[in-house]
Colleague: 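The structure that follows is given in the form of structure tokens.
Just so you know, these numbers use all the heavy atoms, side chains as well, and skip hydrogens, waters and symmetry mates. First the proteins, then the strands, lettered A, B, ... as listed; each starts at 1. Every value quoted in this text rests on a predicted model; they were computed, and no experiment measured them.
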Number of protein chains: 2
Amino acid sequence: MLRKVDKHSGIPAYLQIMNQIKSEILLGNLRAESQLPTVRELETIFDVNVNTILKALDKLKSEGILSSEQGIGYFVVRDASIDPEITDEVKSLVRSLKSKGVDLYTSLLLIEEVWKNEKL
Amino acid sequence: MLRKVDKHSGIPAYLQIMNQIKSEILLGNLRAESQLPTVRELETIFDVNVNTILKALDKLKSEGILSSEQGIGYFVVRDASIDPEITDEVKSLVRSLKSKGVDLYTSLLLIEEVWKNEKL
DNA sequence: TATAGTGTTCTATTTATATATAACACTATT
DNA sequence: AATAGTGTTATATATAAATAGAACACTATA
């Protein structure tokens, strides 16, 4: 599921990489103890330099999401997959947004804005 | 509704500014012909340099979202507020996510991921 | 003990982002 | 004509992000 980084989005590559890995964990595609691809494979997958990979992985380590062992690899620290019930609700909204012709980018903006304005 | 830019998010300031302005248009707070605050006011509002403001506004002009007249100001080209029905659906999901303790950042990742994986 | 496969560090260079500061140009009003 | 309020352009500087390329360090295994 890991995709090449979008070099024209304006979003720093290392952030895109962090986000993709976090997403895989959220979706349960990467669980506790899972070993990530090697840094050199990640270089190819994301199509960026090793140093950029390392920057992303280092930050995920700082956040306690990944661990690493020299000579061995990078690992997911803990399972953090999201409740499928929640995913279902999201799927339903996404279908609705798509059917109304709203694009992803607009949807994300809208959700962020509603989130920040909703006084709950 | 325009907020100070978050200088520690990693997201370039000019992008945050573009997004905030787009959001105001989406929410209908800025409609066709609306004049934006002056660039020097925007400098204060977003707490960045004029050049950063100009970069954001220039890009929004390129996207056809804003127009400008020298000596006068910046204007919203066309109304693009989102259907309130859609906003309501989003509100409902946001409430649900919040009640389940999911944070904004995780929600956005999840939505983006579901969006890209949903084969409709 | 040698080697292949890992992660890690370092230096140099380039490009993008952001700031500070100043001056210039156009518009409307006095 | 002058002025105040707009947008605009320019130069210099600083910091962050990304690349390239090489070397180093640890682990497991042949």
Colleague: Is there a side-chain polar atom (N or O) of A/S68 under 4.0 Å from OP1 or OP2 of C/dT8?
Modeller: yes

Colleague: Write down the distance between CG (A/D6) and C1' (D/dA18), rounded to a whole number of angstrom.
Modeller: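 Taking CG of A/D6 and C1' of D/dA18, I get 15 Å after rounding.
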
Colleague: Under a 4.0 Å N-O cut-off, is there an ion pair linking B/E113 with A/R3?
Modeller: yes

Colleague: Suppose we screen for side chain to side chain donor-acceptor pair (under 3.5 Å). Which residues come up paired with B/K61, at least two apart in sequence or across chains?
Modeller: B/S68

Colleague: Return the value, rounded to whole Å, for the distance between atom CG of B/L57 and atom C1' of D/dT9.
Modeller: 15 Å

Colleague: Could you run down the sub-3.5 Å N/O contacts of the protein with nucleotides 2-4 of chain C?
Modeller:
none

Colleague: Flag yes if A/I11 and B/L110 sit in one hydrophobic cluster, no otherwise; membership is Ile, Leu, Val, Met, Phe, Trp, Tyr, and two members link when side-chain heavy atoms are under 4.5 Å apart.
Modeller: no

Colleague: For the side chain of A/K98 and the backbone of B/W115, is there at least one donor-acceptor N/O pair under 3.5 Å apart?
Modeller: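 Such a contact is found between A/K98 side chain and B/W115 backbone.
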
Colleague: When the distance from CD of B/E43 to P of C/dA22 is rounded to whole Å, what number comes out?
Modeller: 13 Å

Colleague: Roughly how far apart are A/S23 OG and B/K116 NZ, rounded to 0.5 Å?
Modeller: 8.5 Å

Colleague: Write down the distance between CG (B/L36) and P (D/dT8), rounded to a whole number of angstrom.
Modeller: 12 Å

Colleague: Would you say A/T52 reaches D/dT19's phosphate, i.e. side-chain N/O to OP1/OP2 under 4.0 Å?
Modeller: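 Checking D/dT19 against A/T52, a side-chain N or O does come within under 4.0 Å of OP1 or OP2.
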
Colleague: Assess whether salt bridge (Lys or Arg N to Asp or Glu O under 4.0 Å) is satisfied between A/K100 and B/E89, documenting all intermediate values.
Modeller: CA-CA 12 Å; A/K100 278 164 181 150; B/E89 278 192 69; 2.8 Å; yes

Colleague: Whether B/K7 contacts C/dT19 is assessed here as follows: a side-chain N or O lying under 4.0 Å from the phosphate OP1 or OP2. Is that the case?
Modeller: yes

Colleague: To the nearest angstrom, how far is B/L60 atom CG from D/dG7 atom C1'?
Modeller: 16 Å

Colleague: Please encode protein proximity along nucleotides 20-25 of chain D as a string of B, S and -, counting only heavy-atom distances under 4.0 Å.
Modeller: BB-B-B

Colleague: In whole Å, I'd like the distance from the CG atom of A/L42 to the P atom of D/dT19.
Modeller: 14 Å

Colleague: Rounded to the nearest 0.5 Å, what separates atom CD1 in A/I45 from atom CZ in A/R40?
Modeller: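 A/I45 atom CD1 to A/R40 atom CZ measures 14.0 Å (nearest 0.5 Å).
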
Colleague: For DNA chain D, what residues of residues 10-25 of chain B have any heavy atom nearer than 4.0 Å?
Modeller: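 None, since no heavy atom is under 4.0 Å.
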
Colleague: Among all residues two or more places apart in sequence or in another chain, which pass the side chain to side chain donor-acceptor pair (under 3.5 Å) test with B/S9?
Modeller: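 Once residues adjacent in sequence are excluded, the partners of B/S9 under the side chain to side chain donor-acceptor pair (under 3.5 Å) criterion are B/Q16.
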
Colleague: Within the structure, does a side-chain N or O atom of A/K55 lie under 4.0 Å from either OP1 or OP2 of D/dA17?
Modeller: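 The answer is yes; a side-chain N or O of A/K55 sits under 4.0 Å from OP1 or OP2.
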
Colleague: Regarding A/N19 and B/Y105, do their side chains bring together a donor and an acceptor under 3.5 Å, going by distance alone?
Modeller: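 Side-chain D/A pair, A/N19 to B/Y105: present.
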
Colleague: B/E69 has an atom CD; how far is it from atom C1' of C/dC26, in whole Å?
Modeller: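 Whole-Å distance recorded here is 11 Å.
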
Colleague: Whole angstroms only, please: what is the CD1-C1' distance between A/I53 and D/dA18?
Modeller: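 Atom CD1 in A/I53 sits about 12 Å away from atom C1' in D/dA18.
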
Colleague: Looking only at heavy atoms, which two atoms of A/G28 and A/R31 are closest? And how far apart?
Modeller: O-NH1, 3.2 Å

Colleague: Nearest nucleotide by nearest heavy atom, which residue falls closer to the 5' end of DNA chain D, B/Q35 or A/I72?
Modeller: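 Checking each residue's closest nucleotide, the 5'-ward one belongs to B/Q35.
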
Colleague: In residues 48-55 of chain A, what donor-acceptor pairs under 3.5 Å come from side-chain atoms, sequence neighbours left out?
Modeller:
{"residue": "A/N49", "atom": "OD1", "partner": "A/N51", "partner atom": "N", "Å": "2.9"}
{"residue": "A/N49", "atom": "OD1", "partner": "A/N51", "partner atom": "ND2", "Å": "2.6"}

Colleague: Please answer whether the main-chain N or O of B/V102 pairs with a side-chain N or O of B/T106 as donor and acceptor at a distance below 3.5 Å.
Modeller: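 No, because the side chain of B/T106 does not come within donor-acceptor range (under 3.5 Å) of the backbone of B/V102.
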
